[in-house]
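In what follows, chains carry the letters A, B, and so on, assigned in the order in which the sequence lines appear, proteins first and then strands, with residues in each chain numbered from 1. Predicted model only: the values in this text are computed from it and were never measured.
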Number of protein chains: 2
Amino acid sequence: MTATDDIQDAEPDIDDPGDPPMPERVAALIREQILEDRLKPGMPVRERILAKALGVSRTPLREALKILSVEGLVDLTPRRGAVVAAPSPKEQRELLQLLGAIEGFAGTLACDAITEDAMKELRATHYEMLAAIMRGDRLTYFRHNQAIHRGIVEATGNGVLIAYHRQINLRLYRVRYVVNLRTERWESAIAEHEAILDALQAGDKPRIRTILEMHVLAAFDQMERDGKGDAPPTARP
Amino acid sequence: MTATDDIQDAEPDIDDPGDPPMPERVAALIREQILEDRLKPGMPVRERILAKALGVSRTPLREALKILSVEGLVDLTPRRGAVVAAPSPKEQRELLQLLGAIEGFAGTLACDAITEDAMKELRATHYEMLAAIMRGDRLTYFRHNQAIHRGIVEATGNGVLIAYHRQINLRLYRVRYVVNLRTERWESAIAEHEAILDALQAGDKPRIRTILEMHVLAAFDQMERDGKGDAPPTARP
DNA sequence: TCAGGGTTCATGGTATGCCATATGGCCCGC
DNA sequence: GCGGGCCATATGGCATACCATGAACCCTGA
């Protein structure tokens, strides 16, 4: 199955001249395909074919690829085109470390900046997450889990922090998704989340920072131990 | 003076088909122009003119602009083209906060990871920085200052961390340059640097983190107090 | 003289065509 | 029979041409 077969049945064209520039719209579409795992890591992205599939020319598509390249979602090698980025375990761990550091720092800022309402919303999301666990709905659990982390960062009101957190999260989305799906450490994850929210409410900055920095890596190291069961890269020529 | 007048006397063309792809080379050139303040914040970047000045077509130039846009060095508005990014004071502070957070975290990692040689090299650079101060050579001081911070991050061996640190630093380069040129707090900056290196050698993680997180913001708040004397944006029609 | 509208020009956006190169298959020679 | 080199083809890279849109300027009428 080629990269294009996966995307063939997407919107045939996107000629809607809405506000956002076309390259960014194209980038968003490809991003989506990557996140949904329809474009799998290591899979080559063929310009002509994908451009035709999306109903755009090669020019905006190439610009979209440049965007995704800087974002770290695709690897652009000089004369060999673009392949969906397949972070090595080492790189995954580095990204998770950075993610943890950013969230930890955001936590300390959020201790001062978070509003009552936002705090309540986080608690509410936490309960929804618990509900999803009860139902064994791993996808919903994952979504709420992400929402909580995102919520903490957004509570800082630091737009730059939010943007970079989002970007790094994108690069890890697939990994984290797989991890969250396979890992059985729900109980400890829940405990950590509760500790995070408590520390946030109490304004205990060192504590929330420590927990958040460790929390993200925990699931990864769990996976490493399991033997990183993951779909192999390099799908096909 | 237009954006192109500034760049007119650059290399007439860059047809050297070296390894790095042309859009990245073009991006590097524009980056350089921005960092050297020849392309000033708020200044529009005209595709055709700049492309001709650089001896390339519009296509790779546009791709370069997309790269720089994701990096945050230029702002790309839908039908109005690209302008050199002019971070607001708020955004500058947010970026500095994030930079401090990354360096602080890197410091804690470096406590464990740094080698003897790297440590000695940092000390050496520190002394070179002191020498530059003695001579009143602000530019050299600035370079060595940056080198020390970069060195700490690089000592972690975390490639992702290094890359993001570099990127954020680029977005702030001009600002930090101006700040370092105007500020008179050399003494306290030196003291902080010495404290950083001591903490690093002693492996005092909480201390190095605290210092680094504050250190970067200090100069900025100094500038804020001075009344952010900076070249005004929006240079020409 | 000033204001409004229309026209024109320049600029960014997109599509397409040509070129160089990398890859895969095939043929020839050992 | 197997291996290496050559050729064909497809792919990415760049340049260019065309199109649509935004802005500035001028002309005209009040």
### Task
Check salt bridge (charged side-chain N to carboxylate O under 4.0 Å, His left out) between B:Glu47 and all other residues, then give those that pass, not counting sequence neighbours.
B:Arg58, B:Arg62
### Qualifying residues under side-chain contact (heavy atoms from CB on, under 4.5 Å), relative to A:Val70, sequence neighbours excluded
B:Ile67, B:Val70, B:Glu71, B:Gln167
### Task
Starting at the 5' end of nucleotides 8-16 of chain D, put B wherever the base has a protein heavy atom under 4.0 Å, S where only the sugar-phosphate does, and a dash everywhere else.
----BBSBB
### Query
Between A:Glu24 (CD) and C:dT14 (C1'), how many Å, whole number?
16 Å
### Task
List for me each residue that meets side chain to side chain donor-acceptor pair (under 3.5 Å) alongside A:Glu154, sequence neighbours excluded, and say none if there are none.
none
### side-chain contact (heavy atoms from CB on, under 4.5 Å) against B:Glu94, all qualifying residues, sequence neighbours excluded
A:Asn158, A:Val160, B:Lys90
### Message
If the condition is side chain to side chain donor-acceptor pair (under 3.5 Å), which residues does A:Arg150 pass it with, not counting sequence neighbours?
### Response
none
